[in-house]
2 protein chains.
Amino acid sequence: MGGMTATRELLPTVAPPSGACCAPMVREAIDPEPARELAHAFKALSDPARVQLVSIIAAHDGGGACVCDLTEPVGLSQPTVSHHLKILVEAGFLTRTQRGKWGYYAITPGSLDRIAESLTGASPLGR
Amino acid sequence: MGGMTATRELLPTVAPPSGACCAPMVREAIDPEPARELAHAFKALSDPARVQLVSIIAAHDGGGACVCDLTEPVGLSQPTVSHHLKILVEAGFLTRTQRGKWGYYAITPGSLDRIAESLTGASPLGR
DNA sequence: TCCTCAGATCGACATACTTCGATGCGATGA
DNA sequence: TCATCGCATCGAAGTATGTCGATCTGAGGA
């Protein structure tokens, strides 16, 4: 294999002769179904209000936060906040528990780390 | 500090007497503006086709991938793929370079790690 | 110069999402 | 038992998003 020097610097100004226009893939890409699930998780975090809600609830740490403490910081109506919370619960980021007449929301342990891992290292999106 | 035993297990069945219904916050929550930016980044990854595109391009690693290699795996039309790529570029996840008559897309180094960090450790969403 | 090809942009359409006021429901307190 | 409180659900309205066919642009080759 002599003479393979500086191939990285000598990218051809035109593509390979025929057929392929790109270099072949180095690794396997994600399958459609996992892609769908991953996108669904990201969609749950794709609204500013929901990002704030997760942050506020994470800041409460131990006991969780009730809806009454979440409405005012995000500046939205109670039904809207309730709607966002439901989306976050269904996506697995939050858990809901009822104590007395208050409902408390808490971060599902590990849920954020799991989604973070999908973006790094040897996962389908990481490099 | 005697007698502070098992307070974690003895959560009251009703909330604190008056006013506050939750424990106070342990840390600072995210501000509205950073929340908006973070949500915007997540929104770029909130579509299955875009997750697949990022994965396929990441799998090409070195030289990047051209649009002709991206249309078929995601099963969408060329204008639609082009549309999704634009969103990913604007969100900072991809970079585009022209070589000959082909356009090549590559992952912006560190962009995925940066978003992953916002979900873990001492960041506003992590715990 | 003209033709061809890769791919970006445009316009249109259907669907999904965000938001709110009104209402329903279960738990507390009187 | 009845009134009140916390909050989930419902229905409606406006906006944003995903998708495609048609078209435009810019680079290469004849």
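Below, read A as the first sequence line, B as the second, and so on, with proteins coming before strands; counting in each chain starts at 1. In this text, all values refer to a predicted model and were calculated from it rather than measured experimentally.
Neither OP1 nor OP2 of dC7(D) sits under 4.0 Å from any side-chain N or O of Arg96(A). The shortest distance between the side-chain N/O atoms of Tyr105(A) and the OP1/OP2 oxygens of dC7(D) is not below 4.0 Å. Remark: His84(B) is in phosphate contact with dT19(D), judged by side-chain N or O atoms under 4.0 Å from OP1 or OP2. Note on Lys86(A): a side-chain N or O is less than 4.0 Å away from OP1 or OP2 of dT9(D). The side chain of Arg99(A) places no N or O atom within less than 4.0 Å of a non-bridging phosphate oxygen (OP1 or OP2) of dA27(C). Using a 4.0 Å cut-off, some side-chain N or O of Lys43(B) falls inside it from OP1 or OP2 of dT17(D). Note on Ser77(A): every side-chain N or O is 4.0 Å or more away from OP1 and OP2 of dT19(C). Contact annotation: Ser82(A) side-chain N/O to dC7(D) OP1/OP2 distance is not under 4.0 Å.
In this structure, CG of Asp69(B) is placed 11 Å from P of dA6(C), rounded to the nearest angstrom.
Residue Leu85(A) is the one, among Gly75(B) and Leu85(A), whose nearest nucleotide of DNA chain D lies closer to the 5' end (criterion: closest heavy atom).
Not a single donor-acceptor pair under 3.5 Å links the side chain of Ser55(A) to the backbone N or O of Gln52(A). Looking at Ser118(A), its side chain does come within 3.5 Å of a backbone N or O of Ile115(A) through a donor-acceptor pair.
Backbone-only engagement by Leu76(B) is indicated by non-hydrogen atom pairs under 4.0 Å involving sugar-phosphate atoms exclusively.
The side-chain hydrogen bond (donor to acceptor under 3.5 Å, both in side chains) analysis of residues 76-94 of chain B, with sequence neighbours excluded, yields the pairs Arg50(B)-His84(B), Ser77(B)-Thr80(B).
The shortest distance between side-chain heavy atoms of Leu125(A) and Leu38(A) falls below 4.5 Å.
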